Amino acid sequence: LLLCFFMAAGSNLTADSEKAFVQSDETGLSEQDSTYSEENSFIPETETPSEDASVSDLSDTAHTDDTGTSSQQASSPGDREDTSSSSSQQNSQQSSQQGGTAGGSSSAKPEAAPSKPSQVKPAEKAEMRAVWISFLEYRSILKNKSESQFKSSVKKYFDNCVSLGLNTVIVHARSHGDAFYKSGYFPASVDFTGKRQDSFPFDPLEIMVKEAHARGLKIEAWVNPYRANRLTEQFSENDPVKKWLGTDKVFTNGEYYYFNPGEPEVRRLVLNGIIELVENYDIDGIHFDDYFYPTTDSSVDKNTYAKYGAGRTLKKFRTDSVNELVKTVYSEIKKRKNIPFGISPQGNIENCLNFNYADVKLWGSTAGYVDYLAPQLYWDYGQGSLPYETALANWKKTVTSPSVKLITGHAAYRVAENGTGGWASGDILKRQVSDARGAANYGGFIMFRYDHLFSDALETERRNLKSILT
C-alpha cells in the first residue's frame, strides 16, 4: 500500500546487507519458500527481477523510504517514501518527539515483549485482513513484463494471500501522479517501462480486480493524492505536472514534485482521478496513504496562501485544504457506490496534525470524512517514547465516531529487516493484531507490505498469525 507516508529510529542496514536483502526480496518470495509446509503453503514467485531494479531504485516507496519507515516518522529505514521529501526541520522535530524508535539509533535497547499475549481475542466477523501491495512490488512483476507475465504473478500473489487467511488486498493505483490503470487524467506509470507515457501497455488494475474477486478477495485502490514524479524523471507529453510547471499548482520538495493541496484546480484533478476509479472499476474501496503536505516550509505555497488564506493561520489554511479534499472525496464516492473510503495516516497523531496537516482527530470523531483510519503502528512493545501499546491506546481515543472503524497497520517489514527485540519473537504480528481487536471501533488490520510478509524471514510469523485467522 501508499505523506502521512513511519517514525522509527533503529539502525540502518549496511550497504551490503541492504543489497543482499533487496536481491532476495524483489520477487517477494525466494526458493526456500517453496518447501513451506502444506498447512501454510504459498506459491513462490519465480520470475527473475529485472536488472534495473537496483537498491537505488527502491528509494522512493509508497508509505515509507526504501527500508520501510516514513519520512514523517523518522529519518530511518522505511518503505513508504523517500526521507529526502521531508524538511530537515520536520525530521528533527519528529525524532525528538518520538525518542528511540525502531530503525534508528537509541542509547538503550528496548526490551523484548513477552513471547505470547495473555489472551488471544477472537476476530470480529467483518474483520479486514489486508496487505498493502505497493509500486515496489510492481517493479519486479510489472516493469518490462508482458500482460500475461503480470497476470501470472498476480495470481500467485493473491493465492498466497488466500492461503494465509487474508481477505483484502490494497493495491497501488496511483503512487506518483501517474497511474497503474487506464486513466484519462494521469500518465502511465514509470514502472511499466521506466518512462512516464501517455499510452498504457495494458491495464494492471483491471487484471487485479478480476483475479482478486475470482478468489473471494476484496480489493481497494490505493492512491497517493499529492505526490508526483521525481525531478529527474522525464514527463509524458500530456503530464499534468508538466502542464502546471511554473504555476502555483505544483511545487518541489526534496527530490519530488508535489501537487499543491491548497489550489482548487489541484483538488479537482485529484477528485476526477478518484471518480474515474470508482466509476470504471469494480473496486471495493478507495484508500489514501499518509502523504498530504510534505513539508512545513511556508515558502512552497506562499502565493496560494496569499490568495486563499482569508485571515487564517497557515496551519489552519493547510488543514482546511486537506479536509476539503477528504470530505469531497468521501461524498463523491458515496454518490456513486457504497464502498469504503479510508486513510492510512502515520502512527504519531501529533505529527499528523502538525507536519502533514492531516486532521485525524476530526476524521476519527466526525461522520462524513472517512469510513476507516488505518494508522501505521510500526513500533515494538515498550519501544522508545511511543511504543505500540501507547500508540494503539492513543488511536482508540481518536477513532470514536460510530461510523468510523479503526484498522491497524502493522510493520511486517520490521520483522524482515530488524530481527531484534520483539521483532525477533516470531509472534509479534499475532500479538499486535490480538491486542488491537480490543478496540471499540476495531475493524481489522493491514500488513506492510506483501514482499516482506511473504519473505522467508516471516515464515514463523505467518504461521502464528494464521493461527488467529482461522
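What you are looking at is a predicted structure, and each value in this text was computed from that prediction instead of being measured.
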Test of understanding: with ring pair (Phe, Tyr, Trp, His ring centres under 6.0 Å), list the residues that count as partners of Tyr357, not counting sequence neighbours.
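Tyr357 satisfies ring pair (Phe, Tyr, Trp, His ring centres under 6.0 Å) with Tyr293 only.
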
Just checking, is any N or O donor in the side chain of [X] or [Y] under 3.5 Å from an acceptor N or O on the other one?
X	Y	value
Glu127	Tyr442	yes
Asp435	Tyr388	no
Asp359	Thr319	no
His176	Asp191	no
Ser236	Asn238	no

Going by salt bridge (Lys or Arg N to Asp or Glu O under 4.0 Å), name the residues that satisfy it together with Lys195, two or more places apart in sequence or in a different chain.
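Result, salt bridge (Lys or Arg N to Asp or Glu O under 4.0 Å) vs Lys195: none returned.
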
Can you name the residues that form a side chain to side chain contact (heavy atoms under 4.5 Å, CB included) with Ala130, not counting sequence neighbours?
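Once residues adjacent in sequence are excluded, the partners of Ala130 under the side chain to side chain contact (heavy atoms under 4.5 Å, CB included) criterion are Met128, Thr168, Ile170, Ile446.
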
Can you sort out the partners of Lys397 under side chain to side chain contact (heavy atoms under 4.5 Å, CB included), two or more places apart, ordered by chain and number?
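Asn394.
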
Derivation and outcome, side chain to side chain donor-acceptor pair (under 3.5 Å), residues Lys182 and Asn280:
CA-CA 9 Å; Lys182 290 187 176 180; Asn280 298 338; over 6 Å; no

Parallel, tilted or perpendicular: which fits the ring planes of Phe192 and Phe200, with parallel below 30° and perpendicular above 60°?
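Rings of Phe192 and Phe200: perpendicular, over 60°.
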
Should the pair Tyr305 and Phe317 be assigned to parallel (<30°), tilted (30 to 60°) or perpendicular (>60°) ring geometry?
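Aromatic pair Tyr305/Phe317 classed tilted.
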
Side chains of residues 260-277: which donor-acceptor partners sit under 3.5 Å, not counting sequence neighbours?
unit_1 : atom_1 : unit_2 : atom_2 : d
Asn260 : OD1    : Gly262 : N      : 3.1
Asn260 : ND2    : Asp248 : O      : 2.9
Asn260 : ND2    : Thr304 : OG1    : 2.8
Glu263 : OE2    : Thr304 : OG1    : 2.7
Glu263 : OE2    : Lys307 : NZ     : 3.0
Arg267 : NH1    : Pro261 : O      : 3.0
Arg267 : NH1    : Gly262 : O      : 3.4
Arg267 : NH2    : Glu324 : OE1    : 3.4
Arg268 : NH1    : Asn272 : OD1    : 3.3
Asn272 : ND2    : Arg268 : O      : 3.4
Glu276 : OE1    : Gly184 : N      : 3.0
Glu276 : OE2    : Tyr181 : OH     : 2.8
Glu276 : OE2    : Ser183 : OG     : 2.5

Do [X] and [Y] sit within salt-bridge range, that is, some charged N less than 4.0 Å from a carboxylate O?
X	Y	result
Asp178	Arg174	no
Asp451	Arg449	yes
Lys210	Asp282	no

Please, which pairs that meet salt bridge (charged side-chain N to carboxylate O under 4.0 Å, His left out) have at least one residue in residues 361-373, sequence neighbours excluded?
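Matches after skipping sequence neighbours: Lys334-Asp371, Glu350-Lys361.
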
